[in-house]
Amino acid sequence: MSGTLPAPKLGEPYLLTPGPLTTSFPVKEAMLRDWGSWDEEFRAMTRELRARILAMIGPGASDYDCVPVQGSGSYAVEAMLGTFVPREGKVLVLANGAYGQRAARTLDYIGRAKVVLDKGDHLPPRGAEVAEILTNDPSITHVLAIHCETSSGILNPVEEIAEATRAAGRELLIDSMSAFGALPLDPAALGCTAFVSSANKCIEGVPGFGFVVVRKDVLAASGGNAHSLSLDLHDQWQVMEKTGQWRFTPPTHAVAAFIEALRAHEAEGGVAARGARYARNRDVMVAGMRGLGFETLLEDRWLSPIIVTFFCPADPAFDFARFYDLMKARGFIIYPGKLTVVDSFRIGCIGQMDEAVMQAVVAAADAALKDMGVTSAAPPQAALDERKKLAA
Ligand SMILES: *Cc1c(COP(=O)(O)O)cnc(C)c1O
């Protein structure tokens with residue numbers, strides 16, 4: 001399929017960001033009509049959405065259900081935590097970036113006890129550390145892992161985290177927001193209780209809702225846990241089962257776009273093909289950027305096919321705001337970095353883009369550096385020292 005994706009119409013820039021991202025024209029076109037939320041046509045769309053998500057999780061799918069919920073991804077994370085962690089539960093949050101930190105804050109808001117394993121900006125939480133914390137604190141009931149921590153782009157080692165959690169007899173919750181649809185995630189094989197993702201990441205829909213995939217027995221037993229009516233997934237599920245409807249106004253156009261995106265995902269070849277295209281995007285883009293002298297925060301084994309963090313060049317002629325504008329003028333929206341120690345920026349690999357687009361991104365970066373008079377894209381020594389932390 002490489003080199004054959006149509007350009008986004010209407011002269012829009014490509015969004016090299018982790019969602020909202022560049023969607024196909026058919027996905028946009030699917031939103032050009034209105035649906036009644038009660039109407040059978042829309043209820044059929046909701047059924048198709050739930051069935052298609054479950055079809056993506058492998059042979060253990062019959063033990064799981066899919067419950068969509070209105071709002072951005074963070075609403076779905078909050079709904080998952082509030083509905084499946086009982087009020088007397090306690091969560092070990094594995095944090096190595098902004099999304100782990102956000103989940104920890106969420107637990108404070110909703111009044112659930114927590115402990116945080118904080119690995120800073122980009123170090124991965126390892127299975128042995130999780131095992132040790134769980135052994136030393138029998139009151140922990142749940143572990144929350146971030147699949148791809150989008151703030152650095154690191155692909156966290158969910159298998160070893162799952163193994164440690166399973167061995168200790170605790171429940172595993174996964175924020176797979178930016179990974180599901182492009183990276184395999186088999187909750188039955190991992191022993192994962194629930195995971196969450198949203199419409200506008202690797203499935204390439206538009207923003208408007210998230211969805212939680214959860215073990216049916218846990219879902220059925222979760223009544224009365226939630227701290228919030230609108231984020232009560234048990235109530236949402238019961239009403240959806242009984243009436244086929246969302247409890248409150250559904251994001252009808254976003255659902256229509258998502259159905260189109262799910263069909264395109266299947267036509268492309270499912271999770272494996274989507275992940276392969278993104279990995280190719282990353283490989284072409286990273287090789288090209290390294291060729292210009294840029295360096296990645298992460299070594300190759302931790303690089304996700306979702307988004308990549310680059311260090312800003314040390315050259316005083318480099319200015320990120322200017323770089324951003326020069327890239328935008330060439331048709332590419334990039335993303336600022338989130339590292340606290342050194343300056344960085346991020347380039348996403350997900351969305352309706354292929355390697356030809358990524359080659360154009362590299363050419364645009366090259367031209368932008370020349371426009372700014374940057375002679376070397378090499379990062380400062382502090383950045384390389386930061387990266388060494390991961391070498392162990
Ligand atoms: C995008 C994302 C979220 C949700 O962010 P929203 O802005 O609320 O959609 C949560 N976790 C991760 C890892 C993400 O990438």
Side-chain angles (χ1 to χ4, degrees), residues 15-23 68-82 91 93-107 109-110 116-125 143-158 161 172-183 185 192 194-213 228 230-231 233 251 254-255 257-258 261 274-275 278 282 297-298 302-309 333-339 346-351:
L15 301 180
L16 301 165
T17 57
L21 40 61
T22 295
T23 58
V69 64
Q70 297 93 328
S72 83
S74 301
Y75 293 61
V77 172
E78 185 166 334
M80 173 175 75
L81 293 172
V91 183
V93 179
L94 306 178
N96 56 343
Y99 293 103
Q101 297 294 350
R102 187 181 299 174
R105 278 189 78 201
T106 303
L107 289 163
Y109 266 81
I110 69 178
V116 180
L117 172 62
D118 185 356
K119 302 294 306 248
D121 277 348
H122 59 89
L123 299 181
V143 174
L144 176 73
I146 313 292
H147 194 173
C148 170
E149 176 46 86
T150 322
S151 50
S152 68
I154 191 171
L155 189 54
N156 281 322
V158 283
I161 293 165
L172 177 64
L173 306 173
I174 300 178
D175 171 352
S176 188
M177 204 70 66
S178 62
F180 181 69
L183 296 171
L185 181 58
C192 165
F195 73 83
V196 59
S197 187
S198 76
N200 61 285
K201 302 227 172 171
C202 297
I203 300 176
E204 301 186 354
V206 304
F209 65 96
F211 50 89
V212 176
V213 172
S228 153
S230 55
L231 297 177
L233 293 172
V255 170
F258 195 60
R274 182 62 53 94
Y278 291 170
R282 174 200 57 201
L297 164 70
L298 300 171
W302 298 105
L303 284 183
S304 67
I306 309 301
I307 190 165
V308 178
T309 297
I333 302 273
I334 61 170
Y335 217 44
K338 273 205 189 215
L339 301 182
R346 291 176 289 171
I347 298 184
C349 312
I350 66 178

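Order of appearance sets the numbers: ligands from 1, and atoms from 1 within every ligand. None of these values were measured; they are calculated from a predicted model. Every heavy atom of this structure was used, including side-chain atoms; hydrogens, water molecules and symmetry mates were not.
- Listed as neighbours of ligand 1 are Ser72, Gly73, Ser74, Tyr99, Arg102, Ile146, Cys148, Thr150, Asp175, Met177, Ser178, Lys201, each bearing a heavy atom under 4.0 Å from the ligand.
- The environment of OH in Tyr75 is sparse: at most 12 heavy-atom neighbours from other residues, nucleotides or ligands sit within 6.0 Å.
- Remark: Thr309 engages no residue in a side chain to side chain donor-acceptor pair (under 3.5 Å) (not counting sequence neighbours).
- Annotation: side chain to side chain contact (heavy atoms under 4.5 Å, CB included) contacts of Ala257 (sequence neighbours excluded): Val27, Met31, Val206.
- With sequence neighbours excluded, the residues forming a side chain to side chain donor-acceptor pair (under 3.5 Å) with Glu204 are Arg277, Tyr278, Gln352, listed by chain and number.
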task: Could you walk me through whether Leu123 and Asn96 pass side-chain contact (heavy atoms from CB on, under 4.5 Å), step by step?
output: CA-CA 6 Å; Leu123 299 181; Asn96 56 343; 5.7 Å; no
- prompt: Under the side-chain contact (heavy atoms from CB on, under 4.5 Å) criterion, do His147 and Leu183 qualify, and how do the steps go?
  reply: CA-CA 9 Å; His147 194 173; Leu183 296 171; 4.2 Å; yes
